[in-house]
Amino acid sequence: MSVSMSTPQNPLPQFTEPISVLLVDDDCEFRKGLQFLLTFYNSTNSAQFDIVGHAASVEQALVLLKQQSPSLVLLDLELAQDTGIDFLLQKRNLSHQKKDSAVLVVSAHREDEMIYRAMQAGAHGYVFKEDLSFQLYDAIATVMQDGVYLSPETTTSFFRMFNFYSGNGISHQPKAKPKIHLTKREKHVLQLVVEGKSNEAIAQTLVITVGTVKCYLTTIFDKLKVKNRTEAAMKALKLGLI
């Protein structure tokens, strides 16, 4: 499968170090295409991508994740032996990770169920393979700023499945919702997180500093007992906090 190129419209923020990337896909040619596309971005933008590994299976991906601690994982859902969902679930249980790598799903699957499962399992964003040429760069920019990337189409799919599960009583919601007290400002910050806003965008919206946003997020994560923005957004929706 080939990957076509187009110059991204929105520049990535300035990074002092290269963005280390792990490519996880059972199609060797597609991985080569992704690497070529990222190399093309290197020549046209401020951010520099450093490919630290290729993996075709969950087992290979987890080994490289431990060894390399990449900043970003580009993950397909169809892998040799297992699936990208399995990788996400196992990654979540790695307590000895040096840092939490952002995971951007790059998949041909357009089914509502697959999008919902991937986001529930801990993906930070979801891009259809056929849309890579005009969405990949912006998606990376979003997740590398601790945002959640969903195109309008994938957002619709996600919320359609969320409403379906909630409406049929088959979601993973606890029987008794825990009492979680969030201040009005914390709820506003959490709402913006669910909308996929970056720390910078939240700061601009609320007219506060990025440092203050990070302080709010630390408090919110602690109250929700979650590790990252994606888990916070999922839990907020499950518990009806916003």
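Atoms considered below: every heavy atom in the structure, side chains included; atoms not considered: hydrogens, waters and symmetry mates.
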Q: Please step through side-chain contact (heavy atoms from CB on, under 4.5 Å) for the pair Phe30 and Leu132, ending with a clear verdict.
A: CA-CA 12 Å; Phe30 187 79; Leu132 279 181; 3.4 Å; yes

Q: Go through Ile202 and Tyr216 one step at a time and tell me if the side-chain contact (heavy atoms from CB on, under 4.5 Å) criterion holds.
A: CA-CA 11 Å; Ile202 294 174; Tyr216 276 122; over 6 Å; no

Q.
One pair to check against side-chain contact (heavy atoms from CB on, under 4.5 Å): Tyr149 and Gln135. What are the steps and the verdict?
A. CA-CA 10 Å; Tyr149 184 86; Gln135 286 188 5; 3.6 Å; yes

Q: Go through the steps for Met114 and Val105 under the test side-chain contact (heavy atoms from CB on, under 4.5 Å), then give the verdict.
A: CA-CA 11 Å; Met114 293 300 287; Val105 172; over 6 Å; no

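One N or O on the side chain of Ser101 and one on the backbone of Pro70 form a donor-acceptor pair closer than 3.5 Å. His124 places a side-chain N or O within donor-acceptor distance of the main-chain N or O of Val103, the cut-off being under 3.5 Å. The main-chain N or O of Leu64 is never found under 3.5 Å from a side-chain atom of Gln68 such that the two would form a donor-acceptor pair. One N or O on the side chain of Gln145 and one on the backbone of Ala141 form a donor-acceptor pair closer than 3.5 Å.
Val63 and Val52 are not part of a single hydrophobic cluster, where members link through side-chain heavy atoms under 4.5 Å apart. In the hydrophobic cluster analysis, where Ile, Leu, Val, Met, Phe, Trp and Tyr join through side-chain heavy atoms closer than 4.5 angstrom, Leu182 is grouped together with Leu217. Residues Val148 and Phe128 are members of one and the same hydrophobic cluster, defined by side-chain heavy-atom contacts under 4.5 angstrom among Ile, Leu, Val, Met, Phe, Trp and Tyr. Hydrophobic cluster membership differs between Val210 and Val143, with clusters built from Ile, Leu, Val, Met, Phe, Trp and Tyr side chains linked at under 4.5 angstrom.
Note on ring orientation: taking the six-membered ring where Trp is involved, the planes of Phe49 and Tyr137 are perpendicular (angle over 60°, cut-offs 30° and 60°).
Remark: Glu78 CD to Asp76 CG distance equals 6.5 Å, nearest 0.5 Å. Taking CD of Gln90 as the start and CG of Leu62 as the end, the distance is 5.0 Å to the nearest 0.5 Å. How far CG of Asp50 is from CG of Leu38: 10.5 Å, rounded to the nearest 0.5 Å. Note: Ile51 CD1 to Arg31 CZ = 11.5 Å, rounded to the nearest 0.5 Å. The CD atom of Gln48 sits 13.0 Å away from atom OG of Ser20, with the distance rounded to the nearest 0.5 Å. How far CG of Leu224 is from CD1 of Ile180: 5.0 Å, rounded to the nearest 0.5 Å.
Smallest separation of non-hydrogen atoms from Arg110 and Ile115: O-CD1, 4.0 Å. Scanning all heavy atoms of the two residues, the minimum distance from Thr219 to Glu186 falls at CG2-OE2, 3.3 Å. Smallest separation of non-hydrogen atoms from Ala123 and Met119: O-CE, 3.5 Å. The heavy-atom pair separating His54 from Leu22 by the smallest distance is N-CD1, 4.2 Å. For the residue pair Leu79 and Ala56, the shortest heavy atom distance occurs at CB-O, 3.7 Å. Among all heavy-atom pairs drawn from Val194 and Ala236, the shortest one is CG2-CB, 4.4 Å.
By the neighbour-count criterion of 12 heavy atoms within 6.0 Å, atom CD of Glu59 is sparsely surrounded, having that number or fewer from other residues, nucleotides or ligands.
Asp86 and Thr83 are linked by a side-chain donor-acceptor pair at a separation below 3.5 angstrom, with hydrogens and angles left out of the test.
Leu75 places a side-chain heavy atom less than 4.5 Å from the side chain of Leu88. Side-chain contact check for Thr218 versus Asp222: every heavy-atom pair is 4.5 Å or farther apart. Inter-residue side-chain proximity for Arg185 and Leu206 is flagged as met; some heavy-atom pair is nearer than 4.5 Å. In this structure the side chain of Asp25 never reaches within 4.5 angstrom of the side chain of Leu34, judged on heavy atoms.
Remark: Lys129 does not engage Asp27 in a salt bridge, criterion side-chain N to carboxylate O under 4.0 Å.
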